[in-house]
Engineer: 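Below is the structure I would like to discuss, written out as structure tokens.
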There are 2 protein chains.
Amino acid sequence: MNTGESTPPRRMRADARRNYDRLLASAATAFAERGTDASLEEIARRAGVANGTLYSHFPNRQALLEALLGDRMRALAATGEELLGRSSPFEALAAWAEAAVAHAARYRGLGASFMRAIEDESSDLHAACEAVLAAGERLVARARAAGELREDVTAPDLYALVNAMAWVGEQSSPAQGERLLTFTLDGLRAR
Amino acid sequence: MNTGESTPPRRMRADARRNYDRLLASAATAFAERGTDASLEEIARRAGVANGTLYSHFPNRQALLEALLGDRMRALAATGEELLGRSSPFEALAAWAEAAVAHAARYRGLGASFMRAIEDESSDLHAACEAVLAAGERLVARARAAGELREDVTAPDLYALVNAMAWVGEQSSPAQGERLLTFTLDGLRAR
DNA sequence: GAAATATATTGAGACTGCCTCAACTTGTCT
DNA sequence: AGACAAGTTGAGGCAGTCTCAATATATTTC
């Protein structure tokens with residue numbers, strides 16, 4: 001019944017915990033194989049559980065994604081904070097953007113989920129996306145303050161570009177996503 | 001039975017022609033309202049026709065899109081050719097890219113369809129996409145030859161970027177797509 | 001250790017969508 | 001008017017989403 005959230009309330013029944021874990025593992029496989037709109041029915045089936053059980057643990061696809069990726073997303077945000085100290089402001093921004101693209105390219109369709117989630121406050125993925133956006137915000141602010149970034153670039157711009165490049169990666173090849181990210185980042189440099 | 005292709009073979013029966021037109025009109029509305037994965041079932045329903053009729057005219061979604069957009073795509077390619085003469089090579093490229101983004105942003109999901117179609121030779125949309133790509137190719141070649149474009153930018157890069165920006169437009173707002181395209185194009189300039 | 005109780009699981013069922021194809025209808029041509 | 005090609009129909013098979021009453025199981029209590 002309760003999602004990741006570091007489980008503060010009450011602890012789950014043993015069978016529930018087991019099914020929860022199996023579902024998560026099954027979802028990870030399915031998303032990797034089929035992208036974020038893999039069949040939930042199949043995820044349940046492959047977890048050896050009835051579909052109702054899946055829905056009782058994860059009311060929707062976003063909840064499943066949050067449980068699967070929430071930690072990773074918070075880690076990405078943390079990486080952003082760390083980079084604030086090191087290296088040149090623009091290089092830090094660029095390095096983080098690369099990491100963010102790699103993250104958003106994990107499953108086919110993930111970039112689109114992230115774009116939806118940032119707009120939709122009721123999405124279970126919203127909070128995690130906001131954390132990522134906030135990290136981007138600081139990197140952008142610093143690079144701009146240092147005069148290394150175009151004046152008119154904002155964090156939402158960066159967020160959208162990162163997801164767009166992940167999307168390109170899904171459509172053509174990961175290498176192509178990387179390639180275009182390089183061009184794009186160059187375009188963001190102050191000159 | 002026969003798609004757009006300027007109808008060279010034999011002319012259709014009157015009722016077939018009527019249904020074909022109705023289906024196309026219905027599809028245009030549905031795609032505009034719901035994006036390119038609107039329900040085909042509903043398109044048929046709203047055209048006042050059984051779903052089998054839809055499938056007999058258009059074996060799949062791509063065929064419907066080709067019938068709906070083929071002419072427009074060829075026009076876009078032609079615009080590219082015209083631009084080859086006028087204005088600075090880079091400006092021509094940029095202007096064309098803007099037009100291409102606007103075109104790919106016509107329906108939600110269209111950018112993705114174009115990315116798929118260019119890779120998939122068996123897609124009914126493939127030829128039209130190739131025409132667009134070819135137009136981009138010439139603009140890229142000219143801008144590069146004039147030393148106004150980064151050496152390493154290719155037509156497929158441009159194609160992907162255009163569709164990616166249309167995608168951003170769908171996810172956030174058309175204005176955001178435009179905005180990021182500007183940044184991106186700047187990144188493609190030789191310096 | 002057996003009830004009592006709270007917590008989970010189940011799977012049928014009501015939807016919607018995709019696509020096919022055998023039976024039927026209708027336009028067109030002579 | 002009749003014949004035949006061309007077109008249309010819609011039921012039916014399949015898969016997916018999501019819900020909820022019935023059922024089963026863990027845990028707690030005595």
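In what follows, chains are A, B, ... by sequence order, proteins preceding strands, each numbered from 1.
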Engineer: Which part of the nucleic acid, if any, lies within reach of B/Arg18 when heavy atoms closer than 4.0 Å are counted: base, sugar-phosphate only, or nothing?
Structural biologist: nothing

Engineer: Classify the nucleic acid contact of A/Thr53 as base, sugar-phosphate or nothing, counting any heavy atom under 4.0 Å across all strands shown.
Structural biologist: base

Engineer: So if I take every side-chain heavy atom of B/Ser39 and compare against C/dG17, C/dT9, C/dT28, which nucleotide ends up nearest?
Structural biologist: C/dG17

Engineer: Heavy-atom nearest nucleotide on DNA chain D for A/Gly52 versus A/Ala38: which residue maps closer to 5'?
Structural biologist: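 Final value for this comparison: A/Ala38.
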
Engineer: Examine the base of D/dA26 for any acceptor or donor lying under 3.5 Å from a partner atom in the side chain of A/Arg13, and report the outcome as yes or no.
Structural biologist: no

Engineer: Rounded to the nearest Å, what distance is computed from the CZ atom of residue A/Arg45 to the P atom of nucleotide C/dT10?
Structural biologist: 14 Å

Engineer: When the distance from NE2 of B/His57 to P of C/dC19 is rounded to whole Å, what number comes out?
Structural biologist: 17 Å

Engineer: Counting the atoms with a prime plus P, OP1 and OP2 as sugar-phosphate, which does B/Asn51 contact under 4.0 Å by heavy atoms, base, sugar-phosphate, or nothing?
Structural biologist: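 Here B/Asn51 touches the bases of the nucleic acid.
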
Engineer: Rounded to the nearest 0.5 Å, how far apart are CZ of A/Arg61 and CG of A/Leu54?
Structural biologist: 9.5 Å

Engineer: Identify which one of B/Asp120, B/Ile118, B/Leu65 satisfies the side-chain contact (heavy atoms from CB on, under 4.5 Å) criterion when paired with B/Leu125.
Structural biologist: B/Leu65

Engineer: Does B/Arg138, at its CZ atom, have more than 12 non-hydrogen atoms belonging to other residues, nucleotides or ligands within less than 6.0 Å?
Structural biologist: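 Result for CZ/B/Arg138: open.
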
Engineer: Please give, in whole Å, the distance from C/dA8 C1' to A/Arg22 CZ?
Structural biologist: 14 Å

Engineer: For B/Arg61 and B/Asp15, find the nucleotide of DNA chain C closest to each by heavy atoms; which residue's nucleotide sits nearer the 5' end?
Structural biologist: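 The residue whose closest nucleotide sits nearer the 5' end is B/Arg61.
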
Engineer: What's the CZ-C1' distance between A/Arg34 and D/dA15, to the nearest Å?
Structural biologist: 12 Å

Engineer: Taking all non-hydrogen atoms of both residues, which atom of B/Ala190 and which atom of B/Gly147 are closest, and how far apart?
Structural biologist: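 That would be CB-O, 3.4 Å.
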
Engineer: Return yes when atom CZ of B/Arg142 has more than 12 non-hydrogen atoms of other residues, nucleotides or ligands closer than 6.0 Å, and no otherwise.
Structural biologist: yes

Engineer: Between C1' on D/dT19 and CG on A/Leu40, what's the gap in Å once rounded to a whole number?
Structural biologist: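 One finds 14 Å between C1' of D/dT19 and CG of A/Leu40, rounded.
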
Engineer: Rounded to whole angstrom units, what separation is found between the CG atom of A/Asp37 and the P atom of C/dG17?
Structural biologist: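 Atom-to-atom, A/Asp37 to C/dG17, this comes out as 17 Å.
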
Engineer: Write down the distance between CD (B/Glu42) and C1' (D/dG10), rounded to a whole number of angstrom.
Structural biologist: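 After rounding, the gap between these two atoms is 18 Å.
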
Engineer: With nearest nucleotides of DNA chain C determined for A/Ala50 and B/Ala14 from heavy-atom distances, which residue corresponds to the more 5′ nucleotide?
Structural biologist: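 Result of the comparison: A/Ala50.
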
Engineer: Nearest nucleotide by nearest heavy atom, which residue falls closer to the 5' end of DNA chain D, B/Ala16 or B/Glu41?
Structural biologist: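 Nearest-nucleotide comparison on DNA chain D picks B/Ala16.
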
Engineer: How many Å lie between CG on A/Leu64 and P on D/dT17, as a whole number?
Structural biologist: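 Distance, rounded to whole Å: 11 Å.
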
